[in-house]
K.L.:
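What follows is a single structure, and I will ask about it in a moment.
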Amino acid sequence: MEWSLESVREMVAGGMQSMRECESSAFGTAMCLLLLFVWYCYRVGREHSSSPLHGRYSAESSHVGGRGGALISSEGGGRAKGRHASTVEEQNGFAYCQSAECFRCTNTGEGLNQRLYHSLQDYAKRYTWSGMGRVHKGVRDQGRYLNSRPTIQRPEVFFLPDLPSAPFFSRDAQKHDVELLERSFPALLAEFESIYHHPTARSGSSLPPGWKANSTPHGQWWTFYLVNQGTPLALNARRCPRAWRVLGQLRTFVTNNVFGNACFSVLTPGALITEHYGPTNVRLRCHLGLRVPPGCELVVGGEPQCWSEGSCLLFDDSFLHRAFHEGCAEDGPRVVFMVDLWHPNVAAAERQALDYIFTPGR
């Protein structure tokens with residue numbers, strides 16, 4: 001090859017042209033990756049909003065029955081299609097409502113296990129398997145876990161393995177939310193009194209609007225739900241704006257799946273809630289005492305505790321538990337504000353996956 005000034009000039013020009021083409025290609029590739037990343041973040045943010053309570057009930061009034069029955073919200077209507085408000089209303093909106101959409105009331109079995117596993121696979125395909133070890137183990141072996149659990153703790157729907165368990169938890173387990181609820185005690189008590197003494201909706205009705213009577217062998221047990229199995233009840237929420245605001249400020253409130261509830265709960269003198277299990281061990285049930293007369297007690301896993309006005313009790317309701325009010329009529333009802341919070345040892349990635357798997361209506 002003969003070297004000359006012209007040949008060197010051509011080689012330099014060719015090299016510079018190649019570099020420009022490579023820079024253009026690299027820039028284009030980087031832009032494509034950036035756009036894909038932005039799209040992915042949009043999808044994740046849209047399906048897993050960090051503050052799902054804000055604005056969820058603003059346009060739902062047309063979907064709620066006049067007595068505060070089961071809600072099919074405007075946001076969740078597509079997911080909850082087929083849920084019959086009348087069915088839940090007739091059965092008082094608690095356990096054993098016989099709805100095929102209700103996880104708590106659906107008989108556990110192979111069909112449910114397959115549905116859970118398919119939902120987990122779908123979640124992993126969309127997002128990631130990272131951090132899903134315990135969730136995968138729990139879904140895969142759900143039947144064995146539920147059937148082999150000791151009688152003292154036997155969740156009815158889903159058991160997440162390797163979670164620390166105890167009937168009662170220290171307030172430090174969810175310190176921020178416990179302190180927030182206790183600071184809100186005066187506002188929540190005032191709001192309860194405003195709805196509890198509301199005039200009845202029609203003659204012959206024994207309960208004010210929005211309240212539901214639950215089955216008990218003795219006495220009366222009434223509940224006023226703001227969120228029932230992960231679904232906000234719009235009319236009830238509008239009547240309790242301060243309580244709704246408090247729920248929106250909680251960091252660990254279970255809001256996006258069927259295991260999340262929030263309500264005012266009333267036990268009349270002589271009432272007994274018989275022994276039963278909750279649906280899962282991934283949550284802690286929090287009771288803020290609003291009115292606590294003498295003779296009231298909560299027994300979880302064989303351990304008795306008494307409520308205290310203005311203070312919270314945290315317990316794992318997957319343990320066998322019962323409650324009673326043995327006071328006299330002059331003492332008045334026992335009243336608590338009940339909220340379901342995440343178990344502190346359920347990781348953020350696991351919470352996101354469980355929200356996806358147990359989305360209301362899935």
Side-chain angles (χ1 to χ4, degrees), residues 103-104 108 113 116-117 120 123 128-182 229-230 250-262 275-289 297-308 311-323 336 338-358:
F103 269 90
R104 181 184 175 93
T108 57
N113 294 341
L116 297 183
Y117 196 76
L120 176 60
Y123 172 84
T128 179
W129 279 105
S130 178
M132 294 299 104
R134 287 195 302 189
V135 177
H136 179 261
K137 183 179 178 182
V139 170
R140 183 190 61 199
D141 300 326
Q142 197 57 209
R144 179 171 62 85
Y145 282 128
L146 296 182
N147 294 328
S148 63
R149 294 298 303 165
T151 56
I152 194 174
Q153 184 193 27
R154 184 174 290 175
E156 295 178 341
V157 177
F158 179 76
F159 178 79
L160 186 66
D162 305 324
L163 273 185
S165 61
F168 289 95
F169 277 71
S170 164
R171 55 186 289 114
D172 292 334
Q174 296 296 3
K175 185 175 181 180
H176 173 273
D177 288 353
V178 166
E179 291 179 348
L180 175 61
L181 287 166
E182 291 179 348
Q229 295 190 356
L250 297 175
R251 293 177 180 174
T252 60
F253 178 37
V254 182
T255 56
N256 282 332
N257 68 57
V258 297
F259 300 135
N261 302 273
E275 290 184 331
H276 62 287
Y277 302 98
T280 183
N281 67 328
V282 302
R283 73 185 188 189
L284 296 183
R285 180 147 285 185
C286 178
H287 282 184
L288 171 66
E297 198 167 90
L298 172 68
V299 182
V300 183
E303 298 183 16
Q305 290 279 356
C306 295
W307 296 277
S308 177
S311 298
C312 288
L313 271 182
L314 280 177
F315 64 100
D316 183 345
D317 73 329
S318 66
F319 283 81
L320 190 66
H321 62 285
R322 62 190 177 96
V336 298
M338 186 199 81
V339 183
D340 289 324
L341 307 176
W342 283 106
H343 189 293
N345 293 93
V346 179
E350 294 173 322
R351 296 179 187 182
Q352 180 171 294
L354 292 171
D355 281 344
Y356 185 89
I357 295 169
F358 292 102

K.L.:
Check the pair R134 / L163 against side chain to side chain contact (heavy atoms under 4.5 Å, CB included), numbers first and verdict last.
P.N.:
CA-CA 9 Å; R134 287 195 302 189; L163 273 185; 3.6 Å; yes

K.L.:
Is there side-chain contact between D317 and F319, with heavy atoms separated by less than 4.5 Å?
P.N.:
no

K.L.:
Taking all non-hydrogen atoms of both residues, which atom of R351 and which atom of H343 are closest, and how far apart?
P.N.:
NH2-O, 3.8 Å

K.L.:
Taking all non-hydrogen atoms of both residues, which atom of E182 and which atom of S311 are closest, and how far apart?
P.N.:
OE2-CA, 3.4 Å

K.L.:
For the residue pair F168 and F315, does the interplanar ring angle fall in the parallel (under 30°), tilted (30 to 60°) or perpendicular (over 60°) class?
P.N.:
tilted

K.L.:
For F158, is there any backbone N or O sitting under 3.5 Å from a side-chain donor or acceptor partner on T280?
P.N.:
yes

K.L.:
Give me the atom names and distance for the closest heavy-atom approach of R283 to N261.
P.N.:
NH1-ND2, 3.5 Å

K.L.:
I want to check something: taking the side chain as every heavy atom from C-beta on, are W307 and L288 in contact at a cut-off of under 4.5 Å?
P.N.:
no

K.L.:
Is a donor on one side and an acceptor on the other found under 3.5 Å between the side chain of N281 and the backbone of L160?
P.N.:
yes

K.L.:
Describe, in one word, how the ring planes of Y117 and H136 are oriented to each other, choosing from parallel (under 30°), tilted (30 to 60°) and perpendicular (over 60°).
P.N.:
tilted

K.L.:
Could you tell me if the side chain of C286 sits less than 4.5 Å from the side chain of Q174, heavy atoms only?
P.N.:
no

K.L.:
Between R285 and D340, is there a side-chain N and carboxylate O pair less than 4.0 Å apart?
P.N.:
yes

K.L.:
Salt bridge or not for D162 and K137, using N-O below 4.0 Å?
P.N.:
yes

K.L.:
Going through the checks in order, is the side chain to side chain contact (heavy atoms under 4.5 Å, CB included) test met by L320 and H276?
P.N.:
CA-CA 5 Å; L320 190 66; H276 62 287; 5.7 Å; no

K.L.:
How long is the straight-line distance from CG of D172 back to CD of E179, given to the nearest 0.5 Å?
P.N.:
8.0 Å

K.L.:
Are L284 and P344 side-chain neighbours, meaning at least one heavy-atom pair lies under 4.5 Å?
P.N.:
yes

K.L.:
Hey, mind stepping through S318 and R154 against side chain to side chain contact (heavy atoms under 4.5 Å, CB included) and telling me if it holds?
P.N.:
CA-CA 6 Å; S318 66; R154 184 174 290 175; over 6 Å; no

K.L.:
Atom CG of L181 and atom CZ of F253: how far apart are they, to the nearest 0.5 Å?
P.N.:
10.0 Å

K.L.:
To check you understand the geometry: which heavy-atom pair defines the closest contact between G131 and E350, and what is its length?
P.N.:
O-CG, 3.6 Å

K.L.:
Closest approach of F259 and V282, non-hydrogen atoms and distance?
P.N.:
CD1-CG2, 4.1 Å

K.L.:
Can you tell me if D177 uses its side chain to pair, donor with acceptor, with the backbone of L250 under 3.5 Å?
P.N.:
no

K.L.:
Between R322 and E297, does any NZ, NE, NH1 or NH2 come within less than 4.0 Å of an OD or OE carboxylate oxygen?
P.N.:
no

K.L.:
Once rounded to the nearest 0.5 Å, what's the spacing between atom CD of Q352 and atom CG of N257?
P.N.:
12.5 Å

K.L.:
Do H321 and Y277 have side-chain atoms, one donor and one acceptor, less than 3.5 Å apart?
P.N.:
no

K.L.:
Which heavy-atom pair separates W342 from V254 by the least distance, and what is that distance?
P.N.:
N-CG2, 3.7 Å

K.L.:
Could you tell me whether the side chain of P279 reaches within less than 4.5 Å of the side chain of P155, counting heavy atoms only?
P.N.:
no

K.L.:
What I'd like to find out is whether the side chain of W129 reaches to under 4.5 Å of the side chain of L120, using heavy atoms alone.
P.N.:
yes

